[in-house]
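First up is the structure itself, then whatever we jot down about it.
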Amino acid sequence: MFRRPIVLTFAVGLGLLGTAFASTGSIADAATSGHGALHATTPGGPLGPSHDTKTSSSVTLSGAGANSINPFFEEVFYEYHLKNSKSTVTYSPAGSSVGISDIEQGTVDFGDTEIPMAAKDLAKASRTVLQVPVDLGGVAISYNLPGVTSGLKLDGATLAGIFNGTITNWDSPLIAKASGDSSLPNLAIVPVHRADSSGPGWDLDDYLIKTAPAWAKAVGTKASKTWPLPKVGIGEQLNSGVATYISQTHGAIGFVEYGYALEAKFTNAALKNKAGAFVAPSLHSISLAGSEASDLSSTKYSIIDGPGAGTYPLANFSWTLLYKKDPNEAKAIALGKLFDWVVTTGQQYSSSLGYAPLPADVVALSTATLEELETPQGGPLFTK
Amino acid sequence: MTVLSGASDLASVKAAVRHRHARRGGRAYVVLRWAAAGIFAAILTGLVVSIAIDSSQAIAHSGIGFLWSGTWNPTANQFGAGILVVGTVVTTLVAMVIVVPIGLGTAAFLSELAPRWLASPLSTAIDLLAAVPSIVVGLWALLVLSPMFANHLEPFLKSVPVLEWFFHGPAYGPSILLASVVLSVMTLPTVVALSRTALSGVALADREAAMALGATHWQVVREVVFPGARSGIAASLTLAVGRALGESIAVAMVIGNSPSVPHSLLSPGATLGSAIVNQFAEAEPGIGTSSVIALAGVLLVLTLLVNAGGQALLRGMGPGRLRRRERHSITQVVA
Amino acid sequence: MIGAAPAQWRGEEAASSGDWEARERRRPVIQASARRSLGRRRRAGRFVQVLCVLATAIGLAPIVALVYYTAERGLGGLSWSFLTHAPVPEGIPGGGISTAIVGTGEIVGLALLMAVPVGLMTALFLHERRGRLAAAIRFGADLLTGVPSIVIGIFAYALLVRPLHHFSDLAAAFALAVLMVPIMIRADEEAMGAVAVDLWEAGVALGARRWRVARSVVLRGAFPGLVTGNLLAVSRGVGETAPLLFTVAAPSFAMTLLIYTEGTQPFPSEQQTAWSTALLLLLFVLVLSGIARLVAWRLTRRAR
């Protein structure tokens with residue numbers, strides 16, 4: 001027996017620590033050569049036809065933000081790490097508000113949100129923030145009705161009635177009239193919304209304000225990321241919470257990112273778009289919504305209830321938040337290369353996950369915004 | 001009367017004395033001891049002070065009405081802890097309603113009724129299960145209990161006519177009831193373990209005295225053992241209430257996150273802990289974060305009050321020996 | 001009321017009445033009423049027995065069900081590759097939770113480094129000193145054991161995350177340490193209290209320095225109790241989630257956080273990860289508690 005328990009515990013603790021540090025190092029980065037010295041950008045930089053992804057020193061980038069883009073980010077960051085083992089990217093999909101507040105406080109390297117930061121939020125950040133569209137996704141209205149297939153037709157007024165609690169049962173005549181389906185079961189409706197503030201919540205709120213006068217009268221004319229009627233139905237955290245609840249509960253209906261609905265094989269409603277057609281969410285209908293976006297910018301970003309016959313009315317772009325000037329040059333270069341890759345080559349991974357590839361003009365906007373990145377000294381990070 | 005430990009004996013005293021002329025190191029030891037105590041005291045005060053300071057912004061913004069205001073609407077800059085306090089108290093209360101009879105009944109069974117070959121392994125099993133991490137309970141409740149509640153239990157409870165006042169409204173699954181059940185599953189092992197120890201610790205002489213007067217087994221248990229174990233049972237219940245008040249993650253997973261006063265046990269609700277879990281990360285720095293930290297402050301005060309109250313209660317109860325009045329009541333009852 | 005005393009006999013009156021004659025006259029009445037109430041009392045007792053058995057069954061059922069479900073659903077996902085591979089995105093096979101296991105080990109190890117010395121030394125302080133300061137610190141430790149872990153997490157955030165502008169294992173370890181220290185202080189002090197006071201006094205009286213006495217007499221004697229107490233504190237710390245929420249950089253670095261994020265996903269493979277991680281955690285915590293109690297049991301055996 002050791003005579004000094006303190007010594008024993010110290011030794012055990014140090015041992016644990018030592019093995020932990022040793023193995024963490026090897027997992028995170030196989031070929032690390034330590035942190036190389038910061039050096040200036042090589043002329044004729046990576047932005048260009050080659051879209052070269054290699055960085056010269058090992059970097060770990062951490063981001064936080066929207067939950068909806070997580071399946072896409074998870075995949076592309078994984079693929080990126082395979083191609084470039086020196087870059088490790090971690091993303092915390094805790095919600096866009098988290099990402100925005102982290103960017104404002106400087107605790108992450110990049111953020112992501114469906115609703116770009118407004119001018120007053122940008123002013124709170126200590127450094128200038130660039131907003132780059134990286135993804136095109138949609139919000140599905142998913143329901144759990146045994147025996148009812150996908151594509152139940154719902155318009156804004158009916159949806160509003162469901163989510164404000166005036167329609168309480170699936171066999172209500174109002175739903176039968178709107179959907180043209182009178183064989184719905186006698187089952188209580190359980191509306192599910194996001195308990196945290198969310199982009200999909202904003203999207204649905206905006207859609208209902210535009211299409212249902214009763215909704216606009218109750219909640220006002222400005223959409224909000226925080227669900228305006230939290231006392232109706234159940235609130236769940238994040239897309240995953242809503243999706244888990246819908247999958248477990250008969251009679252539930254809620255809004256989730258289309259990627260999640262696709263993966264979970266949910267039955268989704270066909271929503272009435274501006275042209276009057278009922279459109280179900282799909283890669284095609286979401287792509288159409290994206291391509292109808294004109295003059296896209298961080299102040300004119302909404303493609304909710306857009307024009308076009310086959311457009312899905314609940315689609316949105318996802319915007320990555322980057323500091324224009326990152327004091328750590330290696331990180332700045334790595335970030336720039338990463339997102340340049342994501343908006344060009346990385347788009348090939350989006351379709352299988354339920355996101356539509358960015359339309360060409362949006363890719364141009366993204367690369368143009370990325371070219372505004374600066375080195376710590378003030379010059380452009382990438383040469384054109 | 002202290003227990004003589006086998007390892008420490010005369011030999012070790014001799015060893016200590018032998019080294020008494022060893023190099024001076026005594027002062028370092030005393031300093032270390034003071035330092036440790038000082039660090040601990042600093043951490044304790046630091047905890048209270050840091051939460052107080054961080055909450056001050058919220059209190060300045062919302063006034064003292066923060067404590068009972070019923071609105072929590074970050075976008076409208078309205079923050080109030082009232083509904084959350086109600087939710088916390090209600091879930092803890094319902095959990096205690098479940099835990100007290102079942103916990104004490106189980107403890108009585110293990111301590112008084114069960115044969116030795118059954119009581120011993122069961123008690124060990126329960127002691128071990130007191131260590132189940134709360135996230136595992138939450139996971140099980142979310143994925144297994146919640147659908148069971150929504151599809152079977154809650155409709156059943158609604159159909160019982162007598163209980164209508166408690167159980168009405170849509171049966172969603174996540175609800176005050178489910179959260180209370182989760183809390184009771186988490187606190188039950190602690191209550192059982194501590195109560196059982198307290199019950200078996202009652203002096204044999206007291207039990208035999210009652211039996212000599214002709215009391216049946218149940219009367220002995222009721223009049224002698226339970227009163228004798230009073231302080232231990234009270235301690236276990238205080239611990240359980242403290243744990244139930246502060247449990248956050250598991251509750252957040254199953255309570256439905258509805259910022260409204262629950263009108264039935266089946267309605268979703270929110271507690272201080274669940275609100276902190278859900279709101280903290282996305283709270284706007286400044287008033288938002290400060291308000292969430294103020295919620296933590298309210299929770300801290302609540303738990304400290306319960307703990308301090310429990311300790312005061314224990315001191316008032318004394319060692320649990322029977323008082324004169326109770327001894328007379330036994331004789332009365334036995335006739 | 002069960003066994004209510006008949007009207008004509010109140011214990012105090014009969015006892016204070018000095019009349020032996022009167023008592024003898026009442027004897028058959030008393031005996032008769034005692035016989036009548038016996039049946040009533042026995043039946044009541046049996047009824048309560050049934051209630052107690054019922055209570056035990058109801059009380060044990062959820063916990064047993066929990067362990068059973070966790071084992072049943074989690075076992076399928078456990079494998080060597082699960083333990084040694086890093087997480088991969090949804091849909092790609094072959095992932096694991098190695099980063100989480102290592103991360104948890106790191107965080108708990110760091111927390112132990114901070115908590116054990118402070119706990120031990122403070123317990124020694126309380127053991128050797130009397131007076132109001134010691135009483136205040138003991139009271140503080142009792143209060144701190146009851147503080148919710150989420151409040152401690154917020155404290156760690158305010159102290160170590162916000163000023164430094166990034167999440168870290170250190171902040172998480174600090175939060176866990178603050179959680180464990182009061183438990184360790186109380187358990188350590190109790191263990192030390194089991195060592196005979198006269199031995200300590202003998203050592204000091206014979207001129208040995210205090211720290212020498214502490215080392216040879218107190219710590220050596222209390223060692224099994226110390227191990228028990230500290231192991232129990234560790235098993236508590238390993239299972240905590242709330243303090244890690246606000247301090248850890250990413251959920252893949254802590255097992256409890258991973259259970260939380262994966263368990264709330266609607267996809268079966270991620271739920272499977274959650275169950276398997278939960279099973280691992282449960283086993284680990286049970287083993288730790290088991291070892292702690294084994295040590296305590298051997299301690300009490302040796303003392304007899």
Side-chain angles (χ1 to χ4, degrees), chain B residues 2-8 12-13 15-17 19-20 25-26 29 32-33 36-37 39-41 43-44 47 50 54 101-102 105-106 108-109 113 128-129 131 133 135-136 139-140 144 185 188 216-219 242 246 248-249 273 276 280 293 296 299-300 303-304 307 328 331-333 335, chain C residues 3 5 11 34 41-42 45 48 52 55-56 58-59 62-63 66 69 118 121-122 124-125 137 140 143-144 146 148 150-151 154-155 158 178 194-197 199 202-203 206-213 216-217 220-221 235 239 241-242 256 259-260 263 274 278 281-282 285-286 289 302-303:
Chain B
T2 48
V3 173
L4 196 73
S5 159
S8 197
S12 53
V13 176
V17 175
H19 288 96
R20 72 182 181 277
Y29 168 71
L32 269 180
R33 253 183 22 194
I39 291 177
F40 175 72
I43 289 184
L44 189 56
L47 176 72
S50 106
D54 281 329
I102 295 191
T106 313
F109 175 77
L113 295 173
L128 284 181
L129 290 169
I135 186 70
V136 176
L139 183 72
W140 171 74
V144 175
V185 169
L188 194 67
T216 59
H217 193 184
W218 161 235
Q219 282 181 312
S248 43
I249 286 256
I276 297 174
F280 187 78
I293 297 188
L299 186 60
L300 181 64
T303 1
L304 287 182
N307 264 355
H328 277 287
T331 359
Q332 280 190 323
V333 155
Chain C
R41 287 180 281 135
R42 283 234 177 96
V48 172
C52 282
T56 313
I58 298 178
I63 305 172
L66 191 159
Y69 265 106
V118 173
M121 292 309 236
T122 312
L124 277 172
F125 178 88
I137 291 194
L143 282 186
L144 199 54
I150 195 162
V151 175
I154 290 195
F155 174 46
V178 170
V195 175
V197 156
L199 285 176
L206 289 167
R209 299 203 186 283
R210 287 197 139 179
W211 67 275
R212 221 15 181 107
V213 178
S216 302
V217 178
R220 208 169 143 204
S235 76
T241 332
T256 43
I259 298 175
Y260 180 52
L281 198 63
L282 192 63
V285 161
L286 286 180
S289 297
R302 279 171 83 192

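Remember, predicted model here, so these are calculated numbers, not experimental data. A, B, ... follow the sequence lines: proteins, then strands. Residue 1 opens every chain.
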Highest number of heavy-atom pairs under 4.5 Å with chain C: which of [options]?
options                      : answer
B:G273, B:S50, B:A41, B:G242 : B:S50
B:I293, B:V136, B:V144       : B:V144
B:A131, B:A36, B:G246        : B:A36

Using every non-hydrogen atom in the two residues, find where [X] and [Y] come nearest and quote the distance to one decimal.
X      : Y      : answer
B:L139 : C:A278 : CD2-CB, 3.9 Å
C:P62  : B:V185 : CB-CG2, 3.7 Å
B:A108 : C:C52  : CB-SG, 4.0 Å
B:R33  : C:M121 : CG-O, 3.7 Å
B:L128 : C:S289 : CD2-CB, 3.5 Å
C:A55  : B:P101 : CB-O, 4.3 Å

Quick check: do [X] and [Y] have side-chain heavy atoms less than 4.5 Å from each other?
X      : Y      : value
B:I276 : C:I154 : yes
C:L66  : B:L129 : no
C:T256 : B:I249 : no
B:I135 : C:L281 : yes

| Toward chain C, the part of B:L47 with a non-hydrogen atom under 4.5 Å |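 For B:L47, backbone and side chain are both near chain C.
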| remark: Honestly, the part of B:L113 sitting under 4.5 Å from a heavy atom of chain C is side chain
| query | Quick one: what part of C:Y69 sits under 4.5 Å from any heavy atom of chain B, side chain, backbone, both or neither? | reply | side chain
| message | Please report the interatomic distance CD1(B:I39) to OG1(C:T122), rounded to the nearest 0.5 Å. | response | 7.5 Å
| note | Residue from C:L144, C:V151, C:V285, C:I58 scoring the most non-hydrogen pairs under 4.5 Å with chain B is C:V151
| said: For the interface with chain B, which of C:V118, C:L124, C:V178 has the highest count of heavy-atom pairs at distances below 4.5 Å? | reply: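 Option with the greatest count: C:L124.
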| request: Evaluate the side chain to side chain contact (heavy atoms under 4.5 Å, CB included) criterion for residues B:F280 and C:I150: first the C-alpha distance (whole Å), next the side-chain angles of each, then the deciding distance (0.1 Å), finally the verdict. | output: CA-CA 11 Å; B:F280 187 78; C:I150 195 162; over 6 Å; no
